[in-house]
J.: 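This is the structure I want to talk about, given as structure tokens.
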Amino acid sequence: MISENHIGLFAKFWQPGQVKTRLATLGIHAASEIYFEFLSHLLTQLKSSGHFRSIVFSPDQRREEFRQLAGPEWNLVPQADGDLGNRLRAFFATTFLGNQTPDLVVNESIKADGVSRKIIVIGSDCPLIQPALLESAFEKLDQCPAVIGPSTDGGYYLIGLRQQCDNIFQNIAWSTSSVCLQTMAALREHQIDFDLLPEMTDVDDIDDFHQLMRILSAPFAAPDTTTEKLRLRLSQICPGR
């Protein structure tokens with residue numbers, strides 16, 4: 001059976017006042033620019049990871065802006081409607097089917113095309129995600145059906161599946177500190193084995209941003225060219241931070 005590794009990067013359009021609202025003390029335009037730099041960095045950093053890469057974007061009316069930003073290495077997939085759980089469920093379901101139509105009705109022939117798919121979803125809030133981390137996640141999916149990358153705020157920065165598990169996205173208190181624990185409980189309830197990646201920090205507030213800048217500025221970090229470019233751009237957006 002053919003095996004395919006898929007990556008889905010969930011992203012919103014970088015409209016000032018609509019993204020990184022907890023960084024708005026820096027100004028809504030600065031917060032928007034920070035989000036844009038995170039997204040641009042991840043698209044560049046991960047453009048060779050996996051076999052297929054999709055930017056799962058919102059809203060659909062901004063398709064052209066996302067196309068210009070993403071480049072040819074990334075497919076464009078509009079997010080489904082509803083809460084985050086429904087949007088995640090829809091992306092996993094349609095990707096397992098080998099289809100990129102979020103509202104497609106799911107049937108039982110997920111592997112009818114003879115392809116085994118491992119699918120990883122990440123957000124745009126953790127710019128320190130490296131290709132090696134995604135490779136580790138795909139390797140863990142060879143051993144168990146699910147993998148989670150916990151974030152320090154109680155959510156997760158990554159979730160990966162090798163089988164469709166719609167129920168794990170239901171009845172989750174999204175945007176709370178219990179998201180990861182509730183998701184792990186749902187996996188256990190449905191007897192789905194999972195493994196964990198190292199904990200990382202989503203950059204949501206000023207303290208998170210300061211921590212990111214300290215990491216990027218550390219002499220021992222030895223950042224690659226792409227990461228150094230991110231540090232310089234963030235320093236220009238927020239001088240002295």
Side-chain angles (χ1 to χ4, degrees), residues 1-13 42 46 49-63 66 70 73-125 129 134 137-150 155-175 179-180 182-197:
M1 180 177 286
I2 299 172
S3 179
E4 293 179 350
N5 293 344
H6 289 247
I7 298 166
L9 171 56
F10 271 55
K12 294 168 60 178
F13 182 68
L42 287 169
L46 306 177
S49 297
H51 299 119
F52 298 95
R53 294 157 298 278
S54 297
I55 181 166
V56 192
F57 69 96
S58 175
D60 191 30
Q61 307 91 283
R62 297 292 190 171
R63 177 183 291 268
F66 278 101
E73 296 86 2
W74 293 82
N75 301 313
L76 261 64
V77 180
Q79 292 184 28
D81 294 330
D83 66 10
L84 179 57
N86 188 64
R87 287 178 275 143
L88 286 168
R89 182 209 63 77
F91 177 73
F92 276 109
T94 56
T95 307
F96 274 123
L97 282 165
N99 189 289
Q100 298 294 356
T101 306
D103 58 355
L104 184 71
V105 176
V106 177
N107 58 40
E108 298 301 319
S109 61
I110 293 173
K111 300 294 173 59
D113 58 359
V115 176
S116 173
R117 295 184 174 89
K118 293 179 288 183
I119 305 168
I120 286 172
V121 165
I122 61 174
S124 310
D125 298 328
I129 291 175
L134 298 190
F138 283 125
E139 289 174 358
K140 288 180 182 296
L141 287 175
D142 288 329
Q143 309 301 321
C144 60
V147 62
I148 295 177
Y156 52 77
Y157 63 86
L158 177 152
I159 186 164
L161 301 172
R162 73 173 190 210
Q163 66 185 50
Q164 195 169 340
C165 310
D166 287 356
N167 291 333
I168 70 170
F169 300 118
Q170 297 175 352
N171 303 315
I172 303 294
W174 301 106
S175 302
V179 168
C180 191
Q182 288 181 340
T183 303
M184 289 190 292
L187 286 164
R188 293 188 185 101
E189 178 184 354
H190 296 284
Q191 300 182 341
I192 301 169
D193 291 335
F194 64 91
D195 203 348
L196 296 175
L197 292 166

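Here the structure is a predicted model, which is why all the values come from computation and not from measurement.
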J.: Determine all donor-acceptor pairs shorter than 3.5 Å in which one atom belongs to a side chain in residues 138-147; sequence neighbours excluded.
T.:
residue	atom	partner	partner atom	Å
Lys140	NZ	Asp195	OD2	3.2
Asp142	OD1	Lys118	NZ	2.8

J.: Is it the case that atom CG in Asp81 sees more than 12 heavy atoms from other parts of the structure closer than 6.0 Å?
T.: no
J.: Whether the side chain of Gln79 engages the backbone of Arg87 through a donor-acceptor N/O pair (distance < 3.5 Å, no angle test) should be reported.
T.: no
J.: Looking at Gly123 and Leu9, what are the two nearest heavy atoms and their distance?
T.: O-CD1, 3.2 Å
J.: Flag yes if more than 12 heavy atoms outside Gln191 fall under 6.0 Å of its CD atom; otherwise flag no.
T.: no
J.: Is it the case that the side chain of Gln182 and the backbone of Trp174 share a donor-acceptor pair, with hydrogens and angles ignored and the cut-off at 3.5 Å?
T.: no
J.: Check whether Phe13 forms a cation-pi arrangement with Arg62 (NZ or CZ under 6.0 Å from the six-membered ring centre, at most 45° off the ring normal).
T.: yes
J.: If you compare all heavy atoms of Leu76 against all heavy atoms of Ala70, which two are closest, and at what distance to 0.1 Å?
T.: CD1-CB, 4.2 Å
J.: For Ile120 and Ala137, which heavy atoms make the closest approach, and how far apart are they?
T.: CD1-CB, 3.3 Å
J.: Rounded at 0.5 Å granularity, tell me how far CD in Gln164 sits from CZ in Phe96.
T.: 7.0 Å
J.: Looking at every heavy atom in both Leu134 and Ser49, which two are closest together, and how far apart are they?
T.: CD1-CB, 4.2 Å
J.: Looking at Leu42 and Trp74, what are the two nearest heavy atoms and their distance?
T.: O-CZ2, 4.2 Å
J.: Name the orientation class of the two ring planes belonging to Phe10 and Phe91 (parallel below 30°, tilted from 30 to 60°, perpendicular beyond 60°).
T.: perpendicular
J.: Check step by step if side chain to side chain contact (heavy atoms under 4.5 Å, CB included) holds for Ile159 and Phe169.
T.: CA-CA 11 Å; Ile159 186 164; Phe169 300 118; 4.0 Å; yes
J.: Donor-acceptor pair, distance only, cut-off 3.5 Å: does the side chain of Arg53 make one with the backbone of Glu73?
T.: yes
J.: Backbone N or O of Phe52 within a donor-acceptor pair of the His6 side chain at under 3.5 Å?
T.: no
J.: Can you give me the closest heavy-atom contact between Ala173 and Val179, atom names plus distance?
T.: O-CG2, 3.3 Å
J.: What class does the angle between the rings of Phe57 and Phe66 fall in, given that below 30° is parallel, 30 to 60° is tilted and above 60° is perpendicular?
T.: tilted
